[in-house]
Amino acid sequence: MTQQTETHAKLVVDDEFKVGPVHDRVFGSFVEHLGRCVYTGIYEPGHPTADEEGFRQDVIDLVKELGATTIRYPGGNFVSGYNWEDGVGPKQDRPRRLDLAWHSTETNQFGLHEMASWLRKAGGNELMEAVNLGTRGLAEALDLLEYANVPEGTARSEERIRNGAEDPFDIRMWCLGNEMDGPWQTGHKSAEDYGKLAASVAAGMRMIDPDLELVVCGSSSHTMDTFGKWEEIVLEHTFDKVNFVSAHAYYFPQIMPDGSRDMASFLASGVDMDGFIKDVGAAIDATRSRLKSDHNVYISFDEWNVWYMGEEPSKNPEGIGNWPVAPRLLEDIYSVADAVVVGDLLITLLQNADRVHAASLAQLVNVIAPIMTEPNGPAWRQTTFYPFSLTAAWAKGGSVLEPKIESPQYHTDRYGDVASTNAVAVRGADGSVSVFVTNRSLDDECTFDIKLPGDFTPHEIEARTLHDDDILAANTLHDQHRVEPYTNDSASMHSGTVSVTLPPVSWTAIQIR
Ligand code: AHR
């Protein structure tokens with residue numbers, strides 16, 4: 001057994017050093033036509049809680065509680081083979097199609113109109129729409145934009161009105177394809193080919209509406225061989241025409257030669273995400289100065305999460321054709337350790353608020369998701385639900401302060417020595433200070449001190465911690481409330497400093513009012 005020791009860490013909260021506003025869009029999520037995210041996830045006609053459109057009310061309630069904002073749709077890898085026209089018009093006329101990405105049969109019973117309507121019901125969340133630049137191109141992207149955003153009087157806008165949407169969907173944020181650097185992507189392209197295509201699609205879309213916010217595909221991961229070069233070439237082609245470059249990152253504890261999992265490195269995944277953001281930021285700056293551009297491009301971290309990629313739940317159905325409808329795919333069950341990593345990644349996204357103006361937790365329901373459902377059964381919160389929902393609830397509307405942290409270190413095989421405490425402070429519009437912090441150490445409890453600004457007189461502290469002595473504990477269908485955040489009673493105040501005890505492998509949110 002490892003000896004538990006007590007360590008100390010400190011965060012200085014200083015209003016003079018702001019990183020930037022907390023962007024609402026950082027609390028985005030992602031609904032892909034993949035597995036049971038849509039079908040029997042958000043949409044299940046006949047479910048006891050379903051409304052007249054087939055939307056599960058139990059899921060809508062949880063999505064509202066989660067605090068998700070912008071929702072990326074309809075993919076993901078799925079979008080690179082998708083005909084958006086298949087998902088509009090009378091449902092009985094919509095075709096069944098092969099979904100090449102996930103070896104599934106797409107029934108198209110849910111499409112753009114259903115998504116727009118679901119978003120209104122789920123709290124008025126913003127739609128972030130992806131266009132297919134895998135099997136399709138400029139013409140189809142323009143058709144979709146005309147269909148979605150032109151008020152009336154053209155073939156596509158009138159078609160939308162006939163299909164039941166009098167008002168345009170007015171979609172502001174558009175992804176120019178998905179992970180086009182990935183050899184797994186239908187219609188995968190070289191950086192040169194994709195850069196040229198994305199530039200022409202962006203230019204065309206801006207002819208219809210110059211104020212759209214466009215996201216060009218960055219590398220699909222920090223570890224791609226083409227990482228960096230891809231960003232350079234693609235941004236060179238598109239810089240002045242786009243607002244965002246995307247970044248995607250998934251983490252899981254690697255299996256070591258002795259069969260155990262490398263939990264120490266996994267808990268420090270935020271170190272990699274931070275480096276990834278800095279690297280993409282450098283590529284943006286280099287391109288900007290090379291092109292002598294006054295324009296700026298930000299990062300849309302539009303896929304991030306823990307994902308046990310390549311393991312059993314993520315294996316595609318086999319065979320040729322006759323693929324199942326909405327199979328159970330990527331249904332990872334998240335542990336306490338996974339939730340601590342998710343909380344840590346969210347801290348990292350906030351710390352980089354100057355660069356990262358949008359992000360999407362991938363995904364929302366059933367598929368590597370904070371919310372799980374059973375067909376005709378209940379919906380429940382995974383462990384990862386809590387760091388997301390509490391951070392969203394306390395950080396939205398605030399300003400991120402530069403994190404000045406003194407932390408002990410611990411050793412990881414993957415990243416060397418890293419800080420065992422990761423934290424960020426947010427000054428709320430109401431004057432409160434919220435701090436989000438992880439103790440990444442597998443062994444040590446940490447006394448965490450927050451030094452408050454001199455003029456701040458705290459009256460009340462609330463501290464909520466997610467931890468369990470069993471770091472693999474999870475919420476399941478049969479034990480839906482096994483892991484929940486608890487009030488951390490150790491929080492105390494003395495002469496301008498708040499102290500909280502952080503158990504090993506834990507995530508904590510502290511609000512000081
Ligand atoms: O989120 C699951 C998949 O991960 C997405 O479809 C794809 O874009 C990424 O590789």
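Predicted model, so just to flag it, every value in this text is computed and none were measured. Atoms within each ligand, like the ligands themselves, are counted from 1 in listed order.
- When the side-chain contact (heavy atoms from CB on, under 4.5 Å) test is applied to K121, the partners found at least two apart in sequence or on another chain are D51, E52, E53, F55, I60, S117.
- Using cut-offs of 30° and 60° for the angle between ring planes, the W304 and F388 rings count as parallel.
- Ligand 1 is surrounded by F30, E32, G76, N77, W102, N178, E179, Y250, E303, W307, Q363, I368, each with at least one heavy atom closer than 4.0 Å.
- Ring geometry for Y298 versus H357: interplanar angle under 30°, hence parallel rather than tilted (30 to 60°).
- Screening residues 378-395 for side-chain hydrogen bond (donor to acceptor under 3.5 Å, both in side chains), with sequence neighbours left out, gives E65-R381.
- Using cut-offs of 30° and 60° on the angle between ring planes, the pair Y39 and Y43 is perpendicular.
- Applying the salt bridge (Lys or Arg N to Asp or Glu O under 4.0 Å) test to residues at least two apart or on different chains, the pairs with a partner in residues 233-256 are E236-R290.
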